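Following: one structure in structure tokens, then a few remarks.
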Amino acid sequence: RPGAPTPAVVRVLGLRGRAGQRADRCPVEVVLHPHQPALETLGTFLRDLERHNDRDWFRANKERYERHVKEDGLQFVRDFAPHLQKISTHFAADDRPVGGSLFRIYRDTRFSPDKSPYKTNTGLHFRHEAAKDVHAPGFYLHLEPGACFAGIGIWHPNAATARDIRTAIVTDPARWKRVAHGKRFSDVYALEGESLKRPPTGFDPEHPFVDDLRRRDFIGSTTLTQKAVTSEGFVDEYAHLCRAGAPFVGFLCEALNLPF
């Protein structure tokens with residue numbers, strides 16, 4: 001369109017492989033479009049930050065962070081908002097610079113042996129409206145050179161929340177099979193996360209979904225393929241991934257008495 005910036009073509013390290021399988025790094029071309037997360041400029045900054053993860057370097061390059069990480073990330077949030085509203089009106093694409101969908105770049109190093117002050121990735125989390133008060137599922141996008149992925153579900157729920165989800169699986173195993181193991185889900189996502197060594201107390205160790213009952217995390221993840229990363233409509237592709245996982249997220253919401 002008149003006056004629009006001309007797209008540029010760059011090369012980054014992408015991933016080839018399905019979630020849950022070994023992914024090989026390979027150079028891919030990325031088309032950078034206006035109002036699309038500029039993965040190359042974002043990635044260049046993050047790679048530089050990985051080599052110079054200290055406060056003096058970050059202070060000297062703060063303008064690059066604001067422009068290529070923060071602003072591009074917030075623009076993606078804005079562009080994704082109407083797609084998310086069509087999936088569910090109970091999830092938020094929040095473009096506030098602080099406290100919104102874009103994760104902070106500052107690491108909490110209080111209890112970590114790694115005292116590097118900054119993250120070398122960018123995360124975008126589209127939370128349920130009730131997430132401030134309860135453990136709730138969400139949609140997640142992870143941007144990192146060579147390790148981008150999309151995720152859905154709930155990570156590390158507390159004991160009561162995990163029990164409610166397990167109870168829902170036992171109560172309606174047919175629906176769980178459909179939303180977590182059906183073709184629509186498994187063509188895109190793989191169930192991942194930590195699991196208990198033994199079946200949880202109070203649940204049948206012979207249940208056909210005992211492996212799912214042992215889960216501590218109820219999440220699906222998919223690596224961003226070369227096609228997705230190089231797509232002109234990256235926001236549209238991410239929305240497609242979220243729609244594919246919507247029945248899974250809806251099951252989790254219903255298990256927790258949350259609207260979807």
Side-chain angles (χ1 to χ4, degrees), residues 5-15 23-81 84 92-127 131-132 138-151 155-156 192 219 221-224 226 228-231 234-235 237-238:
T6 302
V9 178
V10 297
R11 292 175 68 81
V12 301
L13 279 178
L15 288 179
D24 298 321
R25 296 191 176 197
C26 56
V28 297
E29 287 189 339
V30 176
V31 182
L32 304 184
H33 289 263
H35 309 308
Q36 176 181 338
L39 184 58
E40 174 61 13
T41 50
L42 181 151
T44 297
F45 176 85
L46 294 177
R47 284 191 293 269
D48 289 346
L49 178 59
E50 187 173 16
R51 291 191 295 267
H52 309 284
N53 201 329
D54 63 76
R55 290 180 176 82
D56 289 341
W57 184 90
F58 187 83
R59 191 178 301 112
N61 289 270
K62 184 70 175 292
E63 184 179 349
R64 290 178 60 198
Y65 163 73
E66 294 285 344
R67 182 188 310 163
H68 299 310
V69 178
K70 190 173 182 179
E71 287 306 318
D72 283 334
L74 293 176
Q75 186 60 54
F76 183 91
V77 172
R78 298 180 194 111
D79 291 345
F80 179 61
L84 182 59
D94 187 341
D95 68 345
R96 288 179 299 163
V98 178
S101 294
L102 180 67
F103 278 24
R104 286 162 46 89
I105 198 169
Y106 306 99
R107 295 181 64 247
D108 184 352
T109 62
R110 291 173 297 173
F111 308 107
S112 173
D114 179 4
K115 298 303 180 182
S116 302
Y118 307 106
K119 302 172 186 175
T120 55
N121 60 71
T122 297
L124 301 169
H125 193 191
F126 303 100
R127 300 176 179 87
K132 287 185 177 181
F139 299 90
Y140 178 69
L141 177 61
H142 184 91
L143 297 176
E144 181 178 1
C148 297
F149 67 89
W155 182 76
H156 280 16
E192 296 187 351
I219 56 176
S221 177
T222 181
T223 55
L224 292 180
Q226 178 175 336
V229 173
T230 60
S231 171
F234 182 75
V235 172
E237 176 63 22
Y238 178 63

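We count residues from 1, following the sequence as given. Remember, predicted model here, so these are calculated numbers, not experimental data.
- The environment of K132 atom NZ is sparse: at most 12 non-hydrogen atoms of other residues, nucleotides or ligands sit within 6.0 angstrom.
- Nearest approach of N121 to L46, heavy atoms of both residues: CA-CD1, 3.8 Å.
- A centroid separation of 6.0 Å or more is found between the aromatic rings of Y140 and F126.
- Within the 6.0 Å centre-distance limit, the rings of F149 and H142 are counted as a close aromatic pair.
- D114 and R107 make their closest contact through O-NH1, 3.0 Å (heavy atoms, listed as atom of the first residue, atom of the second, distance).
- A distance of 9.5 Å separates CZ of R55 from OG of S116, quoted to the nearest 0.5 Å.
- Distance CZ/R104 to NZ/K70: 10.0 Å, rounded to 0.5 Å.
- In summary, R64 and D48 engage in a salt bridge, as defined by a charged side-chain N under 4.0 Å from a carboxylate O.
- Between I105 atom CD1 and L49 atom CG the span is 5.5 Å, to the nearest 0.5 Å.
- No donor-acceptor distance shorter than 3.5 angstrom exists from the side chain of R127 to the backbone of D94, with no hydrogens or angles considered.
- Atom NE2 of H68 is separated from atom CD of E63 by 8.0 Å, given to the nearest 0.5 angstrom.
- Residues F45 and N61 come closest through the heavy atom pair CE1-O, 3.7 Å.
- Closest non-hydrogen pair, L141 versus F234, comes out as CD2-CE2, 4.2 Å.
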* To do: Before giving the answer on side-chain contact (heavy atoms from CB on, under 4.5 Å), spell out for F76 and L124 the whole-Å C-alpha distance, their side-chain angles and the decisive distance to 0.1 Å.
  => CA-CA 9 Å; F76 183 91; L124 301 169; 3.6 Å; yes
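- Heavy-atom minimum distance, L102 versus G73: CD1-CA, 4.4 Å.
- The CG atom of D72 sits 11.5 Å away from the CD atom of E66 when rounded to the nearest 0.5 Å.
- For the atom pair CD (E237) and CG (L224), the distance works out to 8.5 Å, reported to the nearest 0.5 Å.
- Ring centers of Y118 and Y65: at least 6.0 Å apart, outside the cut-off.
- The nearest pair of heavy atoms linking S101 to V77 is CB-CG2, 3.9 Å.
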